[in-house]
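Notes for the one structure printed next.
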Amino acid sequence: MAPAGPSSVRRQCRRCLYWIPVLFIFIIVCWSYYACVIQLCIVTMENIGEKIVCLIAYHFFLLLFVWSYWKTIFTSPMNPAKDFHLSYSDKEILEREPRGESQQDILRRMAKDLPVYTRTMSGAIRYCDRCQLVKPDRCHHCSVCDKCILKMDHHCPWVNNCVGFSNYKFFLLFLAYSLLYCLFIVATDLQYFIKFWTNGLPDTQAKFHIMFLFFAAAMFSVSLSSLFGYHCWLVCKNRSTLEAFRAPVFRHGTDKNGFSLGFSKNLRQVFGDERKFWLLPVFTSLGDGCSFPTCLVNQDPEQASTPTGANTATKSIENHPFPAKPLRESQSHLLTDSQTWNENNGNSEKGKLGMSNPGLTIENET
């Protein structure tokens, strides 16, 4: 076997370094377990009933925290389906063409039957040179993982993983349960922390663990509450972290609320339809990660438009911007809860024809 080259060694070293933040969290949790269970509950607490309640509640929050953290770390990010990858012949054709409009013509032809409706800032088809694929909507290339991630939110060093479509629910639950874990420790430790400063605790090593445990839990609670609150806001708006910083570009232009379907549907898109699984770190998100319903309904500008009212109404139905390949049932039904395409054929379609921009209509949010 040939010896590994310098680049391979550097790559392995980087992979090891990426685990340092996770190792740091692991050490903090192990120490907090010792400080809270052994030093606080068993050694310091005198009331038996208080000990039992605190130990049961502590292990309950710890279990949910560790379970969601584990799922966030070890759930592999989903990559685009084979339909989005270029075939060998398409790659050859694309490589022969000079960069510019000729390549875009080829990419537009390749993406014609794909559910792709977002564009680059310049209006071009979103294409990844490294992965050699047409990027699905909300998909981005991660420079750390070196691959395209479906509905990429961000690459999180604290979990050493990309947070995206496959583990975003787990990441939210990890933030929620880690916050509850820290708040529980703060609430339990508060009275003994006060006794520490009033000299009400015996002079043992437990008092120092109690003091540092309170400070650490309070510090993490502040940072986690702000981060969790921010991601709750993102879920309500149906945006990723990347989309919050740079709004997605559609055929008609930039729209930061393009994927928002209303609070209820946005929530269900991440957590699923069955509420009994919402608080458990099991995958229940709707869809396949490659296509997403939008609140935008605009005609395909590449199709010829018709001047008459009846023909335009028919055309708008035929050329709706939802995938040529149908969404999975769990995802597509989000579009039909409050409004269906058949209902749009009536009086609402006449109202659309009178708009100043007949190529753009907005579906009502609920």
Open item on the list: Quick one, Asn167 with Thr72, criterion side chain to side chain donor-acceptor pair (under 3.5 Å). Give me CA distance, side-chain angles, the key distance, then yes/no.
Closed with: CA-CA 6 Å; Asn167 62 349; Thr72 307; 5.8 Å; no
- [ ] Just jot down the ring-ring contact (aromatic ring centres under 6.0 Å, His included) partners of Phe214, sequence neighbours excluded, or say none.
- [x] Phe193
Task: Partner set under ring-ring contact (aromatic ring centres under 6.0 Å, His included) for Phe61, not counting sequence neighbours - done: Phe184
TODO: Measure across Phe283 and Ser166 and return the closest heavy-atom pair with its distance rounded to 0.1 Å.
DONE: CD1-O, 3.5 Å
TODO: Go through the structure and list residues passing side chain to side chain contact (heavy atoms under 4.5 Å, CB included) with Tyr88, not counting sequence neighbours.
DONE: Glu92
Task: With sequence neighbours excluded, residues passing side chain to side chain contact (heavy atoms under 4.5 Å, CB included) with Asn47 - done: Glu50
- [ ] Mind listing the closest non-hydrogen atom pair of Val159 and Val22 along with its distance?
- [x] C-CG2, 3.9 Å
- [ ] Search all heavy atoms of Cys290 against all heavy atoms of Leu150 and return the closest pair with its distance.
- [x] SG-CD1, 3.9 Å
- [ ] Applying side chain to side chain contact (heavy atoms under 4.5 Å, CB included), name anything that partners Ser240, two or more places apart in sequence or on another chain.
- [x] Asp153, Leu242, Glu243
Open item on the list: Which residues pass the ring-ring contact (aromatic ring centres under 6.0 Å, His included) test with Tyr18, not counting sequence neighbours?
Closed with: none
Task: Donor-acceptor under 3.5 Å (Thr44 side chain, Cys41 main chain) - done: no
Task: Gln39 side chain vs Tyr34 backbone, donor-acceptor pair below 3.5 Å - done: no
Task: Stacked cation flag Arg138 on Phe292, 6.0 angstrom / 45 deg - done: yes
